[in-house]
Every structure is written in C-alpha cells, then in structure tokens.
Undergrad: 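Sharing a structure, written as structure tokens. Questions coming.
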Amino acid sequence: MTESVHKTPLNDYHREHGARMVEFAGWEMPLQFRGIKEEHVHTRTSCSVFDVSHMGRIVLTGKDCESFLNRICTRNLAGAEINRCYYSHICREDGGILDDVLVYRYEDRWGIVCNAGNREKILAWLNKHAAGNDVQVRDDTFDTGMVACQGPATLELGGELANRDLSTIGRYRFDVRQIGPMQLVISRTGYTGEDGVEVILPTMLVPFLAPKLFGTKDEPHPIIQPAGLGARDTLRIEAGMPLYGHELSEEVDTLTAGQGWCVDLTKDFIGAEPMRRLQEQGLPRKLVGLELEGRRIARQHYKVHAGGGAVGEVTSGTLSPTLSKSIAMAFVASEYADVGTTLEVEMTGARRTSATVVKLPFYKRAKS
Amino acid sequence: MKAPTDRKYSKTHEWYLVNGDVVTMGITQHAADELTDITYIELPDVGATIGAGDSIGEVESVKATSEIFAAVGGAVLAVNEALSDHPELVNDDAFGDGWLVKLQASAPEALTALMDANQYKAFVENAEQS
C-alpha cells in the first residue's frame, strides 16, 4: 500500500528556515537546518526547537483505562499521579518490545505518545486488547502538533513565551492550559539529555506558537534555533537513550535493552512471564556503551569482537560533539559487558578498531 | 547548485582539476552537503600508486560512510593533511580548501570522458527528480 507522505503543521516553517527535508517513518521531516553538529552544540548550550509532530498521539478514555494500560505497559501505572508522564514499554507476550512510549495521566483521560513508525501497530494492539473493556482509543496525531524545546536556556525563554514559571513543573510532570475549548499540554520531558519541555497543541494553534519559537525567515528568534532529526539522534546517543529500530525492537525485551527501571515484574502485564524467567536465569546479553579509539564512527549492525569471534553487534554510533570521541551502543554477551572491558568493533573493510566498555550515559548534564 | 566550470565531474560525485599531468581531486559540494557534517576522511599515502577506478579512501559523516573513487590512475603526489584535524573543511569549501589528493596522472586524457559542470548539474537534478 502506497501512502502519501504526511506533513506536519510546521512544514512551512522548516522550509522557510532552510531545512533539508527527508522522509522519516512516512513523514516529511527536517534532517538539519544549519548543520547537525552546530544544532547539537546549540541544544547543549542554549535552546533548540524540534518538531516532533510525527510522533503518534493517542488518547484513551473510559473507566477501565488504568487497569487496561497497566496490563499493556511494563511500568506500574496503578495509582498513576494526575499530570505526570510515565516512560514505559509495550511488549508482546514473548517480551519483544512493540514500542517505547510516554504515558500521560490526565484528570479525565490518558494519553500515549509513541514512535511515528509504530503508531498503526500500537493502535491495532490497543484496540485488540481493549475489546470487552470500557476503553475508547482515539488517534489524535493528525489533529495536533508537538514541539520539543530543549537546552539549558529553555525554561527561562519558554517561561517568557508561556507567561508561566516552567520550573514549577517537575521533571516528567505536565501542565494543561485551557485556551477556550482547546488544550495546550506542556510537559517537562525530552529526548536530548537536556532540561526542557515538550508541547502538544491543537493543529489550529500551531500558527500562533510557531512564529514565537522560530521567528521569521528575515528575523529568526535571536536565541532559539530550529534543530532537525540529525541532531536529535546524536543528542539522544550521547544521553544513552534508546531508539526504536536500534536499541529497541521486537527481537529484544526491556530487561536486555537495559531499561529494567521501567518494568515492574511484581505486577501482571503482557510480556511479564518471559522477563521474569530472564531475570531469574540472568541476561545472556546486555546493552553497553562503547568508546572507540580514533574518530571513525561505528554504525548499526557492525560486529563486536572479543579477540576471536563476534560477541555482539553495534546498535547506534556517532562522533560525540560534546566529548569529541567516537561513541556507540551495542548488545554484547554479558561476560563482555563489564565497564572497562576491551573489545573490538569490525569497521568497513574488515578493519578492527579497539573499543572500551563504558558506563551509560556518555553525557550527563550538570545539575542546575 | 555550485559547480565550477574549470573542472570535470564523475557520477560518483568527485571533481578533477587538471593542470598538465597533475590532477587535483575532491568530492563535490553537493556530495558534501548530502553527507552532512563530515567527521573523518581516510586518504591514501603519498607515493602510493592508484589504478583508474580504484577506491582511494573513505569520507565519513554523522550520517554515513562513503567511498571515494579515482577515475584516473597515477601516483599520489600529495594529500590534504589539514583534513585529518579539520575534516569539516570539505563541508565548508569542497571545491577549494577541502581538496583531497593530488595525483601524477598516468593517463589524464581519461578525464575527458567525464562530465563538465553543466552536465554534472543536470545529472544531479535528474537524480533528485527520479
């Protein structure tokens, strides 16, 4: 089935600001504006705005939402606090990860933000398992937009724009602002390793917010700069955050992917059984951070060796703009996963580069 | 799109500037832009002999790793040493400061078969439309 490529409500702003557009998960998205490295550094030192409208936004209503979501999600959502976001995985019966999501607990409903490429799969999964429950599932993706403002200057700048002290919204908490019949959701979340906020808003409000964040072509915002998917990827790698299709997939469970913190094995959920067994028996492989010698980048699927045969595979890699080091994440057999272990990555042309297992994340922002 | 008229272009997006039998080569600005921020460049050793059509190294960016091919054979007279510390020179000035190697070409006339600037521009535009 061929579908036309979706455009986000910010498409015109990207073009006006010189974005190089690419197709990503069925959406036309900006890869970069001024350059990936420059946008990366700007996010670490100031404030960048990212269009994340391609991500799926699903709304759930009905009195069974809490018990339903608690069975679907790895995270324990029983008694979830209102106005709080919960990072969670949604897994198959065998523990394979269907997606990683952010679950929003509103006063009168629940929300899920999922990956663009998994939206239809997750909608189908939710609808299938909701049958017989008082749960209504609605796809809000095409009626809303979503932007992420990230970087140390975000709270101050965003606070001026929102006319609200954003620092009073705790990490992973959110605020709902009523504008007539419409709602604007500001959460203290992100995918860059920096402090910042993400905003979900009705598509028709985008033309009011976007010029404040982007400025115009001739008069761009003096501090906030747009950033694309390229910088979003290098930022999340430095922050050791997993990406679906790289560290996360249906072939991997949440524990193996190193995200055990978002799993509650004492509750019942889809995929719990195999993960309990894994927990008991020990993980055969683990996700590790690698620091490589030299400046060459290890790419997804490059093999990892320990002297002889392959003991693992790279999932993501980049040249870290912040650390000026070649960094990567990889799955390796658990006996090679200890910090300090020396391994080798097989690069192009069968050449091997020495790599050391390091603690994740590679980059952690200074606590303000 | 930029493409100086004083040189020849290959379908694999290298440029060749001929001066007698010394050929300077690099990758085009279009190729550099497509790669995004270049992070590493591997080049041959000075004195090495290269055959026409050989891969002479690799250009690596945040996005991808791609090979560089030489349309003409010969001995490597010089490589751009500045690129080992500043690979971004290729992004900044692919047709100038971002040159890659100088070759003592064994048969520089082989380059006459390559595209001129206008043909290369048309080639890139066609490739983008298809």
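Basis for what follows: all heavy atoms, side chains included, without hydrogens, waters or symmetry-related copies. Lettering follows sequence order; numbering is per chain, from 1. Please read all numbers here as calculations on a predicted model, not as lab measurements.
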Undergrad: Tell me the residues of residues 13-35 of chain A whose non-hydrogen atoms fall below 4.5 Å from those of chain B, in number order.
TA: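 Answer by number: A:Arg20, A:Leu31, A:Gln32, A:Gly35.
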Undergrad: What part of B:Glu88 lies closer than 4.5 angstrom to a heavy atom of chain A: side chain, backbone, both or neither?
TA: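 Neither part, no heavy atoms under 4.5 Å.
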Undergrad: Would A:Gln259 and A:Asp100 count as a side-chain contact (heavy atoms from CB on, under 4.5 Å) here? Give the steps.
TA: CA-CA 10 Å; A:Gln259 309 300 314; A:Asp100 65 330; over 6 Å; no
Undergrad: Considering only heavy atoms, which portion of A:Ile36 lies under 4.5 Å from any heavy atom of chain B: side chain, backbone, both, or neither?
TA: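 The answer is both parts of A:Ile36.
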Undergrad: Are more than 12 heavy atoms from other residues, nucleotides or ligands located less than 6.0 Å from atom NZ of B:Lys121?
TA: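 Correct, the count exceeds 12.
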Undergrad: Do A:His40 and A:Glu238 get their side chains close enough for a donor-acceptor pair, meaning under 3.5 Å?
TA: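 Per modelled atom types, A:His40 and A:Glu238 side chains form a pair under 3.5 Å.
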Undergrad: Let's test your reading of the structure: which of B:Asp33, B:Asn91, B:Thr65 forms the most heavy-atom pairs below 4.5 Å with chain A?
TA: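 The option with the most such pairs is B:Thr65.
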Undergrad: Under a 3.5 Å distance rule, please check whether A:Asn115 uses its side chain to pair with a backbone N or O of A:Gly117 as donor and acceptor.
TA: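 Not at all, since once roles are kept as given, no pair shorter than 3.5 Å links the two residues.
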Undergrad: A:Glu198 and A:Thr189: side-chain donor and acceptor closer than 3.5 Å?
TA: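 Checked: A:Glu198/A:Thr189 side chains pair up, N/O donor to acceptor below 3.5 Å.
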Undergrad: Indicate yes or no for a side-chain donor-acceptor contact from B:Thr39 to the backbone of B:Glu60 under 3.5 Å, with no hydrogens or angles considered.
TA: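 Checking the backbone N and O of B:Glu60 against the side chain of B:Thr39, a donor-acceptor pair under 3.5 Å is found.
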Undergrad: Can you say whether the rings of B:His13 and B:His30 are parallel (under 30°), tilted (30 to 60°) or perpendicular (over 60°)?
TA: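 Ring orientation of B:His13 relative to B:His30: tilted.
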Undergrad: Would you say the side chains of A:Thr154 and A:Glu194 form a donor-acceptor pair under 3.5 Å?
TA: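 Side chains of A:Thr154 and A:Glu194: no pair found under 3.5 Å.
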Undergrad: Over 60° means perpendicular and under 30° means parallel, so tell me whether B:Tyr9 and B:Phe95 are parallel, tilted or perpendicular.
TA: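 Ring orientation, 0 to 90° scale: perpendicular.
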Undergrad: Which members of residues 288-317 of chain A, sorted by number, sit under 4.5 angstrom from chain B on a heavy-atom basis?
TA: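 Within residues 288-317 of chain A, the residues under 4.5 Å from chain B are A:Arg295, A:Arg296, A:Ile297, A:Arg299, A:Tyr302.
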Undergrad: Taking the side chain from A:His221 and the backbone from A:Ile224, do they hold a donor-acceptor pair closer than 3.5 Å?
TA: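 Flag set: sc A:His221 to bb A:Ile224 pair under 3.5 Å.
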Undergrad: Do A:Glu39 side-chain atoms and A:Gly228 backbone N/O form a donor-acceptor pair below 3.5 Å?
TA: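 Confirmed, A:Glu39 side chain pairs with A:Gly228 backbone.
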